[in-house]
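Below, chain A is the first sequence line, B the second, and so on; all start at residue 1.
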Amino acid sequence: MSHQLSAGSIKLLQTASPDDVTVFESQHTLQFLSIKRVGNTPNPTGATPPDRYRIIMSDGVHYMQAMLATQLNSLVQDNIIGKNTIALIDKLTCNYVQEKRLIIVLGLRVLQHSAEKIGDPQNLESSDTAEGAAGNQGSATSASTPTPIAKPVSVGTSSGMRQQAPPPKGRHGNIYPIEGLSPYQNNWTIKARVMQKSDIKTWSNARGEGKLFNVTLMDDSGEIRATGFNLAVDELYPKLEEGKVYYISKARVNLAKKKFSNVNNDYELSFERNTEVEECHEITNVPTIKYNFVPLNALEELNKDAICDVIGVVKEASPLSEITSTKQNRQIPKRDLTLVDKSGFSVRMTLWGKQAEQYNAAEPSPVIAFKGVKVGDFGGRSLSMYSSSTMHINPDIDECFALRGWYDSAGSDQTFKAHSIASGASSTFGFNRAEIRSFDEVKQTGFGMPDKPETFSARGTIMHIKSDNISYPACPTPSCNKKVIEMNGSWRCEKCDKSFPAPEHRYIMSMAVADYSGQAWLQGFNEVGIAVFGMTANELLETKDRNLSRTHIMRTLVFGMASRASNH
DNA sequence: CCCCCCCC
């Protein structure tokens with residue numbers, strides 16, 4: 001296997017304008033000549049910050065230095081990439097740190113883990129930056145002008161000559177990428193959008209009391225959570241608005257406690273007394289909120305406690321109510337919305353605190369986009385907002401317009417399926433328990449993956465129950481259910497290593513069930529038997545002992561019954 | 001320095 005490296009890519013990466021997506025979000029086949037761990041010393045708290053990896057990447061003609069985004073560290077640690085690995089790199093970001101271009105690799109796919117070094121690549125950086133660092137500056141550079149990292153070069157593409165983009169300058173100094181922040185840098189400014197702002201929270205515990213708020217900040221390199229305490233709340237809570245872009249500097253960088261946040265960064269910011277925050281009014285390429293919407297019918301494919309984005313029309317909004325949190329011993333305002341979408345499903349979404357109070361229930365059926373909400377299993381599937389979730393009413397996005405049009409023209413007259421308690425198991429075939437399938441349909445689809453159960457619901461009539469072996473004597477220990485054997489007048493369970501005076505009989509029955517499309521043999525266990533016969537297996541056996549004909553009982557009980565059974 | 005994300 002041999003791969004052609006993208007000759008010319010290194011020059012492009014060194015010279016393109018930092019926001020040129022045709023370079024930084026397109027594909028480059030490069031070889032990693034070396035991968036080195038850097039700058040990882042324990043911080044004053046004794047905690048060890050995450051590793052950072054510096055890589056040398058080559059296009060066969062030139063090589064350059066870059067950093068690996070920390071979220072890709074596992075690729076190194078798990079030896080998925082190593083020396084001379086050839087990879088297709090499809091997302092990078094370009095930033096400036098102390099006027100030096102810093103390239104961060106954000107996305108890649110390994111093409112070949114181990115390879116021979118290709119070509120005899122030359123260092124593109126050394127001619128300028130190494131000299132600069134050595135104080136041997138060429139005539140073109142001076143202390144007051146940005147050091148060119150590479151001379152503009154023709155790279156032999158249709159784009160021709162590219163101008164070296166100057167590092168962002170001005171009164172905000174060096175704009176750092178969020179991904180590049182660490183406790184060891186101290187003169188940085190980030191330019192970031194507030195993606196989410198929490199309520200002001202107060203606490204009181206053994207260590208004291210106070211108030212705080214959080215924001216999630218994002219730029220094109222990554223995201224980070226920031227927290228302001230007490231005085232910083234007074235100063236910055238009113239200033240920072242969701243959706244706006246700010247220059248932020250002189251905040252403290254701490255190691256994040258990952259288990260308390262799903263923000264993808266190993267660090268967190270703490271707003272301090274001298275932290276500077278200034279709104280950025282220019283038009284920028286700082287990213288806006290990105291959604292990955294899950295249609296409401298697909299919620300059952302997500303696990304309980306999963307975090308997801310949804311968009312839906314508010315079909316109903318409950319009045320504001322309150323719950324008493326037993327855990328925290330306080331009242332918490334809440335409001336339930338019923339969301340619907342084109343999938344024909346409805347789901348309950350719970351808002352808490354300020355979100356619940358401030359929701360304007362007077363507005364008829366708005367479309368709301370939610371980011372980062374929690375999947376619950378109440379009533380099959382439910383949704384609930386975290387303090388880190390966001391909701392946007394009638395957002396200016398295509399999905400919102402589409403839902404609005406659908407609801408106003410058709411959706412508002414439709415009835416919606418609720419998720420049901422029984423639903424939840426995912427199915428390769430997209431069967432879900434809320435929908436009734438015919439036996440023929442199930443048989444046509446087949447039985448899928450070996451060892452993977454398929455779940456479906458059917459409605460049919462029980463045509464026959466095998467009467468020769470309808471129940472077995474089981475161990476009475478709760479949830480043991482193992483078959484017991486009669487020995488010397490008592491019943492012995494081998495699993496529990498115990499004997500009992502009497503067994504608990506449990507149903508194990510085979511039924512022929514038919515619907516309009518065909519017939520199937522279904523095996524039902526105890527719960528099914530109780531549902532079908534309306535009595536326990538013990539009771540059924542007693543009836544039999546009282547000398548009634550079993551066939552007679554069955555005929556009586558089964559006749560006229562609309563039976564349901566589920567099958568795996 | 002919080003770190004709870006709740007109830008039915």
Side-chain angles (χ1 to χ4, degrees), chain A residues 43-47 183 196-217 223-237 240 251-275 303-310 316-338 346-359 370-391 418-421:
Chain A
N43 66 22
T45 67
Q196 185 270 145
K197 181 172 86 162
S198 73
D199 286 354
I200 295 169
K201 289 170 272 187
T202 56
W203 84 91
S204 174
N205 60 29
R207 277 169 296 197
E209 57 183 47
K211 59 183 173 180
L212 69 108
F213 77 107
N214 300 297
V215 288
T216 308
L217 302 168
E223 55 179 355
I224 194 164
R225 187 163 87 141
T227 305
F229 291 96
N230 302 318
L231 289 173
V233 176
D234 302 332
E235 166 108 5
L236 295 178
Y237 189 82
L240 289 165
R252 199 170 59 190
V253 185
N254 297 318
L255 209 55
K257 289 163 197 147
K258 302 286 280 184
K259 66 182 156 189
F260 299 129
S261 153
N262 54 341
V263 173
N264 184 18
N265 199 307
D266 295 313
Y267 299 112
E268 288 185 351
L269 296 180
S270 172
F271 295 139
E272 303 297 310
R273 254 202 139 95
N274 60 338
T275 293
N303 293 328
K304 175 173 150 60
D305 299 330
I307 290 171
C308 69
D309 305 342
V310 295
E316 242 179 82
S318 78
L320 185 66
S321 65
E322 264 186 348
I323 61 134
T324 305
S325 167
T326 46
K327 229 178 197 169
Q328 296 182 74
N329 194 31
R330 63 187 180 97
Q331 299 294 111
I332 299 161
K334 75 158 230 176
R335 190 193 300 270
D336 289 331
L337 307 181
T338 304
S346 68
V347 71
R348 191 183 75 174
M349 166 72 77
T350 304
L351 317 187
W352 304 96
K354 273 222 172 66
Q355 301 270 26
E357 289 171 346
Q358 290 170 356
Y359 179 80
F370 292 87
K371 180 147 197 76
V373 295
K374 189 178 100 154
V375 176
D377 61 1
F378 186 74
R381 277 291 175 270
S382 58
L383 296 169
S384 170
M385 287 189 78
Y386 280 119
S387 69
S388 59
S389 309
T390 62
M391 59 180 275
H419 291 275
S420 68
I421 294 165

Quiz item: Which letter, B, S or -, goes with each nucleotide of nucleotides 1-8 of chain B from 5' to 3', with contact meaning a protein heavy atom under 4.0 Å?
Solution: BBBBBBBB
Side-chain donor-acceptor pairs of residues 197-205 of chain A under 3.5 Å, sequence neighbours excluded:
from: A:K197; atom 1: NZ; to: A:Y237; atom 2: O; distance (Å): 2.7
from: A:K197; atom 1: NZ; to: A:L240; atom 2: O; distance (Å): 2.9
from: A:S198; atom 1: OG; to: A:N214; atom 2: N; distance (Å): 2.9
from: A:S198; atom 1: OG; to: A:N214; atom 2: O; distance (Å): 3.4
from: A:D199; atom 1: OD2; to: A:K354; atom 2: N; distance (Å): 3.3
from: A:N205; atom 1: OD1; to: A:R207; atom 2: N; distance (Å): 2.8
from: A:N205; atom 1: OD1; to: A:G208; atom 2: N; distance (Å): 3.3

Quiz item: Who passes side chain to side chain donor-acceptor pair (under 3.5 Å) against A:N230, sequence neighbours left out?
Solution: none
Practice problem: Sequence neighbours left out, what passes side chain to side chain donor-acceptor pair (under 3.5 Å) with A:S388? Give chain and number order. | Solution: none
Quiz item: For A:Q331, which residues count as a side chain to side chain donor-acceptor pair (under 3.5 Å) partner, sequence neighbours excluded?
Solution: A:E322, A:T324
Exercise. Using side chain to side chain donor-acceptor pair (under 3.5 Å) as the criterion, list what pairs up with A:T350, not counting sequence neighbours.
Key: A:D336
